[in-house]
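Numbered from 1 within each chain, the chains take letters A, B, ... in sequence-line order.
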Amino acid sequence: MTHSTEMNDAPTGSTYSTAAGASFSARLLGWYDRHHRDLPWRLTPDRAARGEMADPYRVWLSEVMLQQTTVPAVKPYFARFTEQWPTVTALAGAEADEIMKAWAGLGYYSRARNLKACADAVALHHGGRFPETATGLRALPGIGDYTAAAIAAIAFGQRETVVDGNVERVMTRHRAIAAPMPAAKAAVKALLGPDVPDDRPGDFAQAMMDLGATICTPRRPACVLCPLRDDCAVLMRGEDPEAYPVKAAKKAKPVRTGAAFVALSDDGAVLLEKRPDSGLLGGMAGLPTTAWSSRQDGASDAGAAPFEGDWQAAGVVSHVFTHFELRLTVWRAQGVARAAGDGRWWSASDELAGEALPTVMKKALESAIPGITKR
DNA sequence: GATACGTGGCG
DNA sequence: TCGCCAAGTAT
């Protein structure tokens with residue numbers, strides 16, 4: 001008999017228990033009812049008790065922001081976005097440029113571009129309402145398998161199996177799945193599917209994620225507090241939970257170098273440019289730079305500046321991206337005449353904080369003129 | 001399936 | 001200090 005069949009036979013109902021012998025979903029939901037996190041995109045407990053569903057717009061926005069991003073990092077962005085754009089229709093009415101500015105600093109900027117594209121699609125092709133099925137959601141920009149399932153379950157009560165990094169960790173430990181990720185993802189989904197309850201699929205998904213985030217953590221999991229410990233395979237085997245999930249070894253990060261140029265006008269404005277819409281930092285604002293290659297030496301790149309000038313080396317900035325490390329030599333020229341070019345503009349010192357500047361660009365600016373991005 | 005794609009926090 | 005990690009998606 002398989003583990004999942006065994007648990008599938010256990011009762012699921014309105015009485016959730018953490019007692020030994022209760023079903024997987026009953027123990028999980030019982031724990032969730034007591035220990036769930038209160039998060040801004042979730043229904044308050046009193047509204048949830050009345051059977052209300054969460055706002056699909058807020059669920060969608062939070063799910064996209066939370067892709068590869070921590071809850072503490074997301075919270076202030078979520079607050080600003082929902083204040084500025086309370087509905088998907090409002091977001092669809094915004095300029096892409098304003099959305100990129102509001103997203104600046106959160107990373108993975110294709111999410112912001114797809115956010116706008118998705119809002120437009122919902123407003124124009126779906127009457128301002130999100131599709132209610134995972135299949136319908138999956139067809140929208142920036143919504144993949146995980147996000148489609150999560151929105152369908154949480155906002156529309158669909159019985160979808162939601163598998164994210166938390167669920168992978170909980171399941172590979174609970175079932176001692178030794179196959180390496182991401183190949184084991186299919187097994188995780190297949191093993192979890194039968195345990196998803198008909199009546200609370202959204203809570204079930206959020207319970208798995210909360211458990212992974214607060215109990216079944218990557219390091220030092222709090223197994224003694226876990227509602228699923230009694231039949232956890234790695235614990236029963238006496239293995240170390242931290243050994244799961246198994247992942248392939250990571251490749252070393254290459255180092256790339258380049259130069260960035262801070263041109264200052266007499267009145268303290270800085271020359272910025274819009275980066276191409278695709279690729280690294282796509283669609284964001286930035287300083288003029290050289291290409292970032294493994295061969296170039298930013299320290300001898302003053303000649304590659306956007307124009308002739310008295311360029312002075314101002315510092316070196318190091319920044320780690322997902323797949324390479326960047327060492328950027330920053331050059332500064334003062335008293336530059338305000339001549340704009342295609343795709344470039346002068347940003348006054350009191351406008352700089354509101355530009356769509358990625359963190360690496362703010363770092364470069366700060367190295368040339370400390371405090372300039374905070375004025 | 002492999003790779004591109006950000007950032008900040010933590011042990 | 002430094003590697004790992006966080007509610008993935010697109011190509």
Report the distance from atom [atom1] of [X] to atom [atom2] of [N], rounded to the nearest whole Å.
{"X": "A/Leu39", "N": "C/dA6", "atom1": "CG", "atom2": "C1'", "value": "14 Å"}
{"X": "A/Trp292", "N": "B/dA4", "atom1": "CH2", "atom2": "P", "value": "15 Å"}
{"X": "A/Met181", "N": "B/dG1", "atom1": "CE", "atom2": "P", "value": "11 Å"}
{"X": "A/Tyr146", "N": "C/dG8", "atom1": "OH", "atom2": "P", "value": "7 Å"}
{"X": "A/Asp145", "N": "B/dG1", "atom1": "CG", "atom2": "C1'", "value": "15 Å"}
{"X": "A/Tyr244", "N": "C/dC4", "atom1": "OH", "atom2": "C1'", "value": "20 Å"}

Fit a plane to each ring of A/Phe261 and A/Trp331, take the angle between them on a 0 to 90° scale, and name the class: parallel (under 30°), tilted (30 to 60°) or perpendicular (over 60°).
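A/Phe261 vs A/Trp331 ring planes: parallel.
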
Once the angle between the rings of A/Phe204 and A/Phe24 is folded into 0 to 90°, is it parallel (under 30°), tilted (30 to 60°) or perpendicular (over 60°)?
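Taking A/Phe24 first and then A/Phe204, their aromatic rings sit tilted (interplane angle of 30° to 60°).
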
I need the residues from residues 131-143 of chain A with at least one non-hydrogen atom less than 4.0 Å from DNA chain C; give them sorted by number, or say none.
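Output list: A/Arg138, A/Pro141, A/Gly142, A/Ile143.
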
Residues forming a side-chain hydrogen bond (donor to acceptor under 3.5 Å, both in side chains) with A/Arg129, sequence neighbours excluded:
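If we apply the side-chain hydrogen bond (donor to acceptor under 3.5 Å, both in side chains) test to A/Arg129, skipping adjacent residues, there are no hits.
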
Give me the distance, rounded to whole Å, that separates B/dG6 from C/dT11 when you measure between the P atoms they each carry.
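The same atom, P, in both gives a distance of 14 Å.
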
Considering only atom P, compute the distance from B/dC5 to C/dA6 and round it to an integer number of Å.
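Roughly 22 Å separates the two P atoms.
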
Measuring from A/Leu29:CG to A/Met208:CE, what's the distance to the nearest 0.5 Å?
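Interatomic distance, A/Leu29 CG to A/Met208 CE, rounded to 0.5 Å: 10.5 Å.
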
Main-chain N/O of A/Leu235 paired with A/Arg173 side-chain donor or acceptor, under 3.5 Å:
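No; zero donor-acceptor contacts below 3.5 Å.
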
Encode nucleotides 5-11 of chain B as B, S and - characters from 5' to 3', where the letter depends on protein heavy atoms closer than 4.0 Å: B to the base, S only to sugar-phosphate, - to neither.
BBBS---

By side chain to side chain contact (heavy atoms under 4.5 Å, CB included), which residues pair with A/Arg34, not counting sequence neighbours?
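Not a single residue meets the side chain to side chain contact (heavy atoms under 4.5 Å, CB included) criterion with A/Arg34.
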
Counting the atoms with a prime plus P, OP1 and OP2 as sugar-phosphate, which does A/Ser62 contact under 4.0 Å by heavy atoms, base, sugar-phosphate, or nothing?
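The residue A/Ser62 makes no contact with any strand.
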
Sugar-phosphate, base or nothing in reach of A/Trp41, heavy atoms under 4.0 Å
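Result for A/Trp41 = base.
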
According to salt bridge (Lys or Arg N to Asp or Glu O under 4.0 Å), does anything in residues 334-349 of chain A pair up with another residue at least two apart or in another chain? List the pairs.
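Qualifying pairs, neighbours excluded: A/Asp267-A/Arg338, A/Glu273-A/Arg344.
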
Please, which pairs that meet salt bridge (Lys or Arg N to Asp or Glu O under 4.0 Å) have at least one residue in residues 139-150 of chain A, sequence neighbours excluded?
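Pairs touching residues 139-150 of chain A that pass the test: A/Arg138-A/Asp145.
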
Hey, are A/Lys253 and A/Glu325 close enough for a salt bridge, meaning a charged N less than 4.0 Å from a carboxylate O?
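Not counted as a salt bridge, because no side-chain N and carboxylate O are separated by less than 4.0 Å.
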
